[in-house]
Amino acid sequence: MIRECVIGAIACLGWGAAAFGADTTGAAVGVGNPAGATASAPQSAQPGMPARGVLNNDDRLFIREITIGNRGEIAAGALAAQKGQNKSVIDFGRRMTIDHRQADRRLADIARPVGVPLPNQPDQEHRDRRAQLERANGAAFDIAYIRGQITDHQKAVQLLEWEIGSGENAQLKAYAAEALPIAMQHLELASAILTQLTGAAPVGGSPNVRELNPAPAAATPQNAAAPKP
């Protein structure tokens with residue numbers, strides 16, 4: 001409820017908590033590849049037909065970055081639920097902990113059988129943002145948290161779209177297809193809250209803040225053929 005990737009930087013879906021394990025490393029960003037990874041070697045002799053149980057470098061990078069993002073959203077959301085002043089900010093933070101905890105568990109279920117290690121520590125940017133939030137209070141905290149959520153969910157949308165279009169592993173592509181509409185809804189809700197707090201123009205329309213309350217269940221990779229918000 002997280003390193004720069006919007007318009008040429010890597011997506012990270014949130015702010016990490018200090019409990020995480022290994023930092024991720026930056027990479028030069030290529031056009032059409034928001035994850036910034038160089039092209040990975042094919043997984044099988046036939047293009048587009050990955051070997052069973054094998055992930056290419058791009059899919060592994062996707063797992064790493066989405067895991068950092070999910071766990072960062074959980075940590076930041078918990079902080080917002082504790083320190084938030086505005087009720088919409090508090091509700092949004094609680095929703096982030098629920099949705100991203102479910103998403104993190106499902107991604108771990110995909111990564112575990114293929115032996116992909118999951119990171120458990122945010123990068124420096126996430127640690128800096130976490131420290132900024134811990135120093136802020138009241139209305140200043142609310143605005144800083146929500147602005148960060150808008151930025152992070154913009155990044156997340158780009159990474160998910162990239163995996164859907166360029167990933168090779170069927171389960172990960174399905175996971176991304178399920179997560180994308182949820183990330184877009186989170187972005188719209190955060191934008192609506194920022195409008196409520198500051199009067200700033202919302203990003204992507206004017207969603208109803210009351211939609212915060214009924215937090216939808218996170219989608220599973222198994223039924224990803226029918227994405228839902």
Side-chain angles (χ1 to χ4, degrees), residues 1-29 33-37 57 60-86 89-90 92-105 107-108 111 116-160 162-163 179 182-183 186-187 189-191 193-194 197 203:
M1 273 298 0
I2 218 243
R3 141 168 108 226
E4 200 66 27
C5 87
V6 171
I7 309 179
I10 182 102
C12 56
L13 249 181
W15 302 330
F20 298 164
D23 285 352
T24 61
T25 57
V29 176
N33 181 357
N57 291 339
R60 287 173 177 268
L61 178 62
F62 174 76
I63 288 177
R64 185 171 64 188
E65 296 303 324
I66 288 294
T67 296
I68 290 174
N70 282 331
R71 295 179 181 180
E73 290 292 357
I74 294 167
L79 191 62
Q82 174 187 354
K83 295 186 63 175
Q85 175 176 281
N86 183 280
V89 171
I90 295 171
F92 185 86
R94 288 172 177 165
R95 175 167 178 173
M96 293 304 98
T97 64
I98 294 170
D99 287 2
H100 287 280
R101 185 174 288 115
Q102 292 173 333
D104 183 58
R105 289 170 180 167
L107 188 62
V116 177
L118 300 178
N120 54 14
Q121 183 177 351
D123 60 15
Q124 186 61 50
E125 179 184 359
H126 298 141
R127 289 194 290 269
D128 291 344
R129 289 185 178 183
R130 174 76 180 192
Q132 178 188 23
L133 283 180
E134 289 177 340
R135 291 192 301 266
N137 293 289
F141 172 90
D142 289 352
I143 293 173
Y145 171 69
I146 291 299
R147 282 180 172 161
Q149 289 295 297
I150 291 174
T151 298
D152 289 338
H153 282 88
Q154 288 172 332
K155 297 174 183 179
V157 166
Q158 284 209 343
L159 180 59
L160 293 166
W162 172 71
E163 175 63 23
I182 298 174
H186 290 173
L187 174 59
L189 293 174
S191 180
I193 295 172
L194 183 62
L197 296 175
V203 175

**Asked** Who passes side-chain contact (heavy atoms from CB on, under 4.5 Å) against I90, sequence neighbours left out?
**Response** R94
**Item:** Counterpart residues, side-chain contact (heavy atoms from CB on, under 4.5 Å), relative to A108 (two or more places apart)
**Value:** R112, L118
Kindly compute the distance separating [atom1] ([X]) from [atom2] ([Y]), expressed to the nearest 0.5 Å.
X	Y	atom1	atom2	value
Q154	T151	CD	OG1	5.5 Å
I63	T67	CD1	OG1	7.0 Å
N86	L197	CG	CG	5.0 Å
L187	I182	CG	CD1	14.0 Å
Y145	L194	OH	CG	13.0 Å
D99	I74	CG	CD1	10.0 Å

Should [X] and [Y] count as side-chain neighbours, where that means a heavy-atom distance under 4.5 Å?
X	Y	result
D152	R129	yes
R95	L189	yes
L79	F141	yes

Nearest heavy-atom neighbours spanning [X] and [Y]:
X	Y	answer
A190	Q149	CB-CB, 4.1 Å
S191	I150	CA-CD1, 3.8 Å
V89	I146	CG2-CG1, 3.9 Å
V116	R60	CG2-NH1, 3.8 Å
G93	A80	CA-CB, 4.0 Å
A78	T97	N-CG2, 3.3 Å

**Prompt:** Do the side chain of K83 and the main chain of E134 share a donor and acceptor less than 3.5 angstrom apart?
**Reply:** yes
**Message:** Would the distance check show the side chain of R71 and the main-chain N or O of P119 forming a donor-acceptor pair, the cut-off being under 3.5 Å?
**Reply:** yes
**Message:** Run the side chain to side chain donor-acceptor pair (under 3.5 Å) test against Q85 and tell me which residues pass, sequence neighbours left out.
**Reply:** none
**Message:** If the condition is side chain to side chain donor-acceptor pair (under 3.5 Å), which residues does D128 pass it with, not counting sequence neighbours?
**Reply:** Q124
**Request:** Give the C-alpha distance, both sets of side-chain angles, the deciding distance and a yes or no for side-chain contact (heavy atoms from CB on, under 4.5 Å) between N70 and I66.
**Result:** CA-CA 6 Å; N70 282 331; I66 288 294; 3.5 Å; yes
**Message:** Students often mix this up, so state it plainly: with edges at 30° and 60°, are the rings of F92 and H186 parallel, tilted or perpendicular?
**Reply:** perpendicular
